[in-house]
Structure formats: C-alpha cells, structure tokens
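Have a look at the structure below, then the notes.
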Amino acid sequence: MSAKPRPVPESLASPVKALFAGEVLEEALFPFPEPAPDEKETVTAFVGTFREFARDHIDSARIDREKAIPPEVVRGLADLGIFGIAVPEEYGGYSFSSSAYCRVMEEIGRTDASLGILVGGHQSIGLKALLLYGTPEQKSRWLPQLAAGEKIAAFALTEPEAGSDAASIRTTAQYEPADDSFVLEGSKHWISNGGIAGFFTVFAKDVALDANDEHRRITAFAVTRELPGLEVGPEEKKLGLRGSSTVPIHLKGVRVPSANVIGPRGSGFKIAVEVLNTGRTSLGAGCLGGSKAMIREAALHATQRRQFGTRIADFEMIRGKFARMVVNTYALESLVYMTSGLVDRGLSDYALEGAACKVFGTESVWNVINDALQVAGGNGFMEEYPYERALRDSRVNMIFEGTNEILRVLVALSGLREIGSDLEEVARALKTPLSNLGILSDYVGRKLRGYVARERIESVAPELAAEADLVTRYVRSFAAAAGTFLSRFGKNVLEREYQQERLASVAVDLYASLAVLSRATSSVRRNGPEKAAEEIRIARAFVQTAKYRIVGELKEMEKNRDRERAAARDGERSVIAESAYGGAGYRFDYW
Ligand SMILES: Cc1cc2nc3c(=O)[nH]c(=O)nc-3n(C[C@H](O)[C@H](O)[C@H](O)COP(=O)(O)OP(=O)(O)OC[C@H]3O[C@@H](n4cnc5c(N)ncnc54)[C@H](O)[C@@H]3O)c2cc1C
C-alpha cells in the first residue's frame, strides 16, 4: 500500500471516463472540493440578499397562474446582478466560479423553477457561446448589457424536425460577400427566454461549407432582436415552468453581419455541444434546490399530520421515503459540487460528469417530488400546495438540455471510446485483430496503459473503508463488463442501446458513490467521526442501495434477453415493444 499520490494520466482526467478503464482517480476525487473562503463569503452574502428579495417579491403560485415572471421581479433580479454572476468582472459581471454559480442556481431552484429557466437559459446556455468563443470585440459589445440584465439571452438550436438529432437542423445561413453578411432563413422552436430575449445564439447551416459533413456546416451567430426579419411567435402553453417564456422564432431573411459569427465558421455544432455540456452541472444544482424545498415542505407536513393517533412521520413507510429523499439529495449535492469543484480546479473535459449531474439530478428530484407529494396525501394533489406545481415544473428536466436517453448514450459511448483506443493498442501490440481478442483481461489492458489498478481508496475515512472497497470492486467489474462488451461487439456497440443504458446507469451510480464517499470523508476529517456520524450513515446508505442497482445492471450486461438472435428486433423487450407499433398501441384488452 503506497500513500504516495500518483500522477493522473492525462487522457483519463475525467473521473467518469476513468471508470471505464477500471480506474478511480483518487487524486481528482479526494479530498472533496472546498470553496475558496473569500468566494464563499461573497456568495453567501449574495445568496442571502437573493433570499430576502425572493421572500418579499417572488410569489411562485402567482407566476404559475399568470404564466409570467412579473417585469418588476426581472428588474429586481437585474439590480441584484444575478444576470451577470457567470460573466467576467471586466464585462460588468461577478466572475463567479463554477461552484459558486451552482450554489446560486441551487438557491434559485429552491425558490422557483421558472426563475431557474430565466437565469439558466440566459447564462448557462444563452450567452455561453459568446463567453467561450466570442472575440474581445463581441464580448465588449454585448456582455455588459447581458450581465446587467438589460438584454436577456436565449439559445436557439432546436427545430421542429431537429431535436435530439441537432445536426439535422435546416435553418440556413447564406454568405453574401457584397455586404459581408449572412442571410438566415428558417425556424426554431421551444426557445426558452425567446419572448423576452434581446440576444439569441442561433445555429444555422452555412450553405457554402462542406455539404458532405453535416456537423461541419453548422455555424453559430449572435442575432439581436432588432434585426429585421426576426419574428418571435406566441408563447407555448406548457405543463409546467409556466412563468418561463418558450416560443418559436422565425428567421425570415435575417441579415447578420459576419462580425456576429461566434467562433470559427463551421464549428457551430462543436460549440452547441460544448455549451450544453457545460450547462448540465448547474441544471443538477437547480434540481438540488428543488429537492431541498420539497423535503422541507413534506417534513413539516409529516411531523404535524396525525392519523391513527400517530404522527405520520413515525410510520415506517413514511420514514423510508424521507430516508430515500435525504440520501439521494445528499448524493446529488455531492455530485454537483464534486463536478463544479473539478471544473474550478481546471478539468476541461467534464461532459460525462455534467451528464451524470443532469441524469441523476433530474431523476432524483422527480422521485423526491413524487415521494413528498405522497407524504402530503390529498393535499399533495391540490393547487394550493406546492407539490403539484413542483411535479409539473420538474418533468421537462428529463427532456431538455439533452434527453436523459441521449445523455446515457453519451456517457456509455464516450466511456467506451476511451477504452476503445486502448483495445486497439492492445490488439496491435499482441498482433491480434480486435475481433479475435475476445475478453480483454484487466491485467493486459492495464499493463499496456502503464499503470496498475487501484485496489483500495487510500484517502477514504476508515469508517467508510468497507464501502470504498465495495465501490472499487464494482469499478473493476464495471470496467471488465465494458471491456467485454466492446471487444465482443466492436463498433456494433453503437446499436446496442440496452447495454449502453446499463453501462451509463452504473457509471453514474459509481461516480455518485465516489462523490458521496469523498464528501463524507471530508466531513469526518473536519469534524471527527462522532459529529460526522449522520453523514457517514447517509454515505453508507447510498453506497448500499447503489450496490443493488449496480449488481442488477452488471448481471444483466452479462446475461440478458436483449436479442435472442442477432437481429436488432429479436430480443424479448424489442418484440414486446413492436406489438405497440402497429397503430393500436396496447393490444391485449381483456374485455
Ligand atoms: C420547455 C422546453 C424548453 C426548451 N428550451 C430550449 C431552448 O432554450 N433552446 C433549444 O434549442 N431547445 C430547447 N428545447 C428543446 C429541447 O432541447 C428538445 O425538446 C430536446 O432536445 C429533445 O428533442 P425533441 O423534443 O425533438 O425530442 P426527440 O429528439 O424527438 O426525442 C423523443 C424521444 O426519443 C428519444 N430518443 C431520440 N433519439 C434517441 C436515441 N438515439 N436513442 C434513444 N432514445 C432516443 C428521446 O430521448 C425522447 O425520449 C426546449 C424544450 C422544452 C420542452
């Protein structure tokens, strides 16, 4: 056992990608990130001011009923500086770190979900391309107004025919050399903040570029509202997030100067993906705030409501729900602040960690709200209580900013790609074609990678050593399952979504377990095991429940009925699904 920290292999700096190779990047994951003391002070004060403002001016029931955030609230938020927290100080913003930004988004999520869209649609995605890829001139031109909330930003990628398959957008950009501009033609839909935005990041196909590569034709444009030909359609009628603006926008020969192109021409797809990848951690933070609000509400109810002469809080089935809500919310908090902390330490490739925050967070908050609503009984169903609104508001989280299905594909395939290059290396070294390699032995893989698998997590608190051993064991099983899957199916893994889903779910659970262990360990180190007893208990509970999910998924990776024969539609579930596709839907009416 060596206590000496090993260098983190550069290609595996992403802790989630590393899991696919059986590695726990202990140096990255331990100790749990701590906010810088001076920033903590600033952000705590900022959050306090926001809370006071929210208490006095934000009425979520009214926002939902009137389907709009009152203009005076938007102005008040602008005065607080909330529209510039992620914008550098030189452009009038607060330059908050990723972690601090998440802390504010958490507080907003705790307050009102529509507000989360207003602020997140503006900063997490609306102005992000400008921040990441804008020239100094572009930034000086727009960022000060955006940071001050004088202009609200929107991100316009989705079209009626192009949702998850964003590369298939049809909006075109035709370069006009005569006046060095582009003419945009097309329609976008479901654009958050679109009804009030003054600045749109619009993605369009640059028709002059390589027609054989759809991805490399997309270019990003800064489009301001006053440009002739930009038409904003009516507000959508939505299940939830009713206070947020969601509209179609039509680009009818909008002439955009080439000075408004964001990033290099043809790099729009990459930019869109990067913007979305960076925004997902903070979406998880919003879900975290929503979860905390629900737990508090339900706990107040459960401790006051009596049935059968007993507080309902004392019934085991109710306690079970609270335990689940608290444990999963602790895990989400650990994921969000682990990921944002890594970003603040310089991790640049965090697409999978962000996806994990989004997938875990959006599913966790949905389950928390469902549990909380159940605890509230009939009250939970009534509009005068916050549960039904929270349920409606939270549903879309699993759909936008990359659906959870697409994000599971992203996690699985990016992780596999990471080990795929190694597999090829192994095959080359052994002078064996990939298809003949069969199951890759862990050992050979690691030997060729030049480092040895970690048997134990040395930085974990002794109180959590058993759980840490369990996690490292499952990391190895997971990597073996991923390697087996890849070596057996090669590039055909692309078609095997049932397996991708399992891999991604396990990867998320493993990353969450590690984040939880790291956080509880920091609490033990800071406060001693007695004071940290509650967190130790929560961490153990999370790892133990994640274990059941992980074991189930890994078993099914090995033995399943995905495909009884080779064809894609031959598996049990696929055949059952097919029965619904003929037009009748469910075909097994009893009467
Ligand atoms: C309230 C709201 C606000 C939005 N705000 C914005 C915004 O500000 N800017 C913007 O550009 N867009 C926005 N969107 C659009 C959003 O990003 C898309 O809805 C999302 O990308 C999914 O696209 P889609 O709705 O067309 O669904 P589809 O892509 O048609 O997907 C339908 C279903 O099929 C599944 N599916 C698709 N492909 C696969 C696959 N390969 N494997 C497995 N399953 C798959 C999906 O996961 C989903 O369950 C918003 C949407 C909503 C509802």
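All values below were derived from every heavy atom in this structure, side-chain atoms included, with hydrogens, water molecules and symmetry-related copies excluded. What you see is a predicted model, and the numbers here were worked out from it, not measured in a lab. Note that ligands are numbered from 1 as they come in the structure, with each ligand's atoms numbered from 1 the same way.
Protein heavy atoms are found inside the 4.0 Å sphere centred on atom 39 (C) of ligand 1. Atom 25 (O) of ligand 1 is approached by the protein to below 4.0 angstrom, counting heavy atoms only. Closer than 4.0 Å to atom 34 (O) of ligand 1 lies none of the heavy atoms of the protein.
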Going through the checks in order, is the side chain to side chain contact (heavy atoms under 4.5 Å, CB included) test met by L77 and F50?
CA-CA 8 Å; L77 291 171; F50 169 76; 3.8 Å; yes
Audit row: F269, F203, ring-ring contact (aromatic ring centres under 6.0 Å, His included) steps and yes/no:
CA-CA 8 Å; F269 187 76; F203 297 87; 9.0 Å; no
Dump the intermediate steps for side-chain hydrogen bond (donor to acceptor under 3.5 Å, both in side chains) on E353 and S14, then the final yes or no.
CA-CA 8 Å; E353 289 69 22; S14 149; 2.6 Å; yes
Check the pair T246 / E235 against side-chain hydrogen bond (donor to acceptor under 3.5 Å, both in side chains), numbers first and verdict last.
CA-CA 6 Å; T246 313; E235 289 291 340; 5.1 Å; no
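Taking only non-hydrogen atoms, the option from A166, S168, S192 nearest to atom 3 (C) of ligand 1 is S192. The option with the heavy atom closest to atom 10 (C) of ligand 1, from among V275, T158, L407, V247, is T158. The closest heavy-atom contact to atom 21 (O) of ligand 1, among the options P160, G194, G163, comes from G163. In this comparison of F203, F400, W190, the heavy atom closest to atom 19 (O) of ligand 1 sits on W190.
Any N or O atom pair closer than 3.5 Å counts here, and E405 shares at least one such pair with ligand 1. For ligand 1, the polar-atom distance check finds no N/O of D165 at less than 3.5 Å from any of the ligand's N/O atoms.
Both the backbone and the side chain of L157 come within 4.0 Å of ligand 1, judged by heavy-atom distances.
Near T403, meaning under 4.0 Å from one of its heavy atoms, ligand 1 places the atoms 22 (C), 46 (C), 47 (O). For ligand 1, the atoms lying closer than 4.0 Å to a non-hydrogen atom of F155 are 7 (C), 8 (O), 9 (N), 10 (C), 11 (O). Listed by atom number, the atoms of ligand 1 under 4.0 Å from E497 heavy atoms are 40 (C), 41 (N), 42 (N), 43 (C). Every atom of ligand 1 is numbered from 1 in the order shown, and the set under 4.0 Å from a heavy atom of I406 is 38 (N), 39 (C), 40 (C), 41 (N).
Looking from atom 20 (C) of ligand 1 to the surrounding protein, the closest heavy atom is I399 O, 3.7 Å. Scanning all protein heavy atoms for the shortest distance to atom 37 (C) of ligand 1 gives S164 OG, 3.7 Å. Given atom 1 (C) of ligand 1, the protein heavy atom at minimum distance is V396 CG2, 3.9 Å.
Using bins of under 30°, 30° to 60° and over 60° for the plane-to-plane angle, the ring pair Y94/F96 lands in the tilted bin.
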Hey, can you pull the donor-acceptor pairs under 3.5 Å for the side chains in residues 226-233, sequence neighbours left out?
from : atom 1 : to   : atom 2 : distance (Å)
E226 : OE2    : T224 : OG1    : 3.0
E231 : OE1    : K252 : NZ     : 2.9

Kindly list each side-chain donor-acceptor pair under 3.5 angstrom involving residues 259-267, sequence neighbours excluded, with atom names and distances?
from : atom 1 : to   : atom 2 : distance (Å)
N260 : OD1    : R141 : NH1    : 3.4
N260 : ND2    : A222 : O      : 2.9
R265 : NE     : D206 : OD2    : 2.8
R265 : NH2    : D206 : OD1    : 2.9
S267 : OG     : P264 : O      : 2.5

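Within the structure, the closest approach of L241 to ligand 1 does not fall below 4.0 Å when heavy atoms are considered.
Note: Y387 and F381 fail the aromatic proximity criterion, with ring centroids not under 6.0 Å apart. Two rings, from F182 and Y175, have their centers less than 6.0 Å apart. Between F221 and F200, the ring centre distance reaches or exceeds 6.0 Å.
For the pair R496 and F489, the cation sits on the ring face: its NZ or CZ lies under 6.0 Å from the ring centre, inside 45° of the axis.
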